[in-house]
2 protein chains.
Amino acid sequence: MRSDPPTPPTGWQAIRDEALRRIQSREWQAGAPIPNEAELAMQFGCARSTVNRALRELAAIGLIERRRKAGSRVARHPLRKATFEIPIIQHEVEARGGRYDFTLIARNLGPAPVAASSRMGLPAGAEMLHLQALHLSDGRPYMHETRWVNPVAAPGILDVDLARVSANAWLVQNVPYTRGELTLSAAAADGTRAEALGCAQGEAIFCMERITWIGEAPVTLVIQSYAPGHRMTTAI
Amino acid sequence: MRSDPPTPPTGWQAIRDEALRRIQSREWQAGAPIPNEAELAMQFGCARSTVNRALRELAAIGLIERRRKAGSRVARHPLRKATFEIPIIQHEVEARGGRYDFTLIARNLGPAPVAASSRMGLPAGAEMLHLQALHLSDGRPYMHETRWVNPVAAPGILDVDLARVSANAWLVQNVPYTRGELTLSAAAADGTRAEALGCAQGEAIFCMERITWIGEAPVTLVIQSYAPGHRMTTAI
DNA sequence: GAGGTTAATATGTGCAGACATAATAACAAA
DNA sequence: TTTGTTATTATGTCTGCACATATTAACCTC
């Protein structure tokens, strides 16, 4: 049940861990400066660059703050960061031991509602491809997805048979994005989603919304609604 | 409105960006190997370690996959990672321009319900401190928090006036954790939370659950329920 | 062929030294 | 006191080199 590495790390990771230990044991107090890199290099008998590497990793996870000339100090408010992997639905389902499948519920090309176009920064009534799909695990509804695709940014998508290839899979392979925004929220299941997910209307569902851009052009807005009870977990 | 750095990056960041550009322009195709570090160092006229640094960053965000001897290749499924900062409520509220305040609703020392103790891996009926608090923004409910604290791992907390100092603030300053787990989900507001948050019972609320350990000992389990409409956003 | 051994190779990490840069402290001038 | 200038300092980064290590490819034996 233990997932720790059996052998203790060496090199820069050992130094990172030792620094971690000193922080956690309050040997290095919150808010207080820690010895500078050169001194730590002496203590650990290694090069400064090795210490630098170790401390840089700690700074990356928000445990220490570093400033030139001022040195490094233990973060007073360990503004820790949590990292989630943005799931690829098929993998996620299969990792849970389910058989993956998906159904294209709707496909319409036409003017998008203002709610969608404005989220994407496009003029009202812009022509967009609207898709609705249901992702299944062992034949049971797993996640409902409603998506708008800007055909200007992803022209090829109009010729794809999206009942065979999921829009996400196609986009990821064919229209790499340069920037994106991800929003998590909770929402009550409306009629459409309740029906698709097979749950009661008004039930609380976990939503993940993504917008991606290629350069300045918005590519797609997707709202994924998970079946009730879905949880997204990560180690911190 | 533009947040890009005005001056283009130099050094390893320039190389990272150039590699990024080649991936996004499909000059380096998804799934295909990219030139090895030594060759790229030649191309860019820099040392291999500089290329190494750049590619390591790209690997860290999941855009390329690296294996010894096999070399680096563009990830076929850009399993991108999203990083959220775990919010410190006071800062979050103030960043949104609100005035922060909080109220301790309940404080009980006694055997914890099985749901809580089992989540923390403690025997049923273990003695724990149970707290309920409401965090306010401009006097309006912002987030409801229910928390169990293991007094064995955080003994000092029993003597703290938790109506003045929030449990989170005290714990963060006094009991650094070595490991944690964070879970996001959606839930329907039960009676307690609906009343506290001033919303209808059954309304969908966004929940963040955290468990932290110090060594092998569980420290605290906290379930934070945000007022309806809360959204958690990050750039990817 | 199947299976095992050996060599080749790309990345991972280390070192010492150098200079760049940001932020501070010390100092001087108004 | 305030303001501007000049060191000083710790981190940021780069270089060139070296060796470690994981993984593959080539080879050899049966």
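We use all heavy atoms of the structure for the numbers below, so side chains are in, but hydrogens, waters and symmetry mates are not. Every chain is numbered from 1 and lettered A, B, ... according to where its sequence line falls, protein lines coming before strand lines.
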Side-chain N or O of Q13(A) closer than 4.0 Å to phosphate OP1/OP2 of dG12(C): no
Pairing of E27(B) and R21(B) as salt bridge, 4.0 angstrom limit: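 R21(B) and E27(B): salt-bridged.
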Test: E65(B) and R73(B) ion pair at under 4.0 Å: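 A salt bridge is absent here (no side-chain N lies under 4.0 Å from a carboxylate O).
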DNA chain D contacts among residues 14-35 of chain A, heavy-atom distance under 4.0 Å: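 Of all residues in residues 14-35 of chain A, none places a heavy atom under 4.0 Å from DNA chain D.
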Close residues, residues 43-58 of chain A, relative to DNA chain D [heavy-atom separation under 4.0 Å]: R48(A), N52(A)
Could you give the distance from [atom1] ([X]) to [atom2] ([Y]), rounded to the nearest 0.5 Å?
| X | Y | atom1 | atom2 | value |
| --- | --- | --- | --- | --- |
| R56(A) | R53(B) | CZ | CZ | 3.5 Å |
| T178(A) | L20(B) | OG1 | CG | 8.5 Å |
| L221(B) | M128(B) | CG | CE | 7.5 Å |

Are any of the side-chain heavy atoms of [X] and [Y] separated by less than 4.5 Å?
| X | Y | result |
| --- | --- | --- |
| N168(A) | I89(A) | no |
| N52(A) | R66(A) | yes |
| W170(B) | V175(B) | yes |

With no hydrogens and no angle check, do the side chains of Q224(B) and R147(B) hold a donor and an acceptor under 3.5 Å apart?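 There is no such pair between these side chains.
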Using atom names, set out every protein N or O paired with an N or O of nucleotides 24-27 of chain C below 3.5 Å, distance rounded to 0.1 Å.
unit_1, atom_1, unit_2, atom_2, d
dT24(C), OP1, R67(A), NH2, 2.1

Among the candidates dA10(D), dG12(D), dA10(C), find the nucleotide nearest to the side-chain atoms of N36(B).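 The answer is dA10(C).
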Parallel, tilted or perpendicular, judged at 30° and 60°: which one describes the rings of F206(A) and F206(B)? parallel
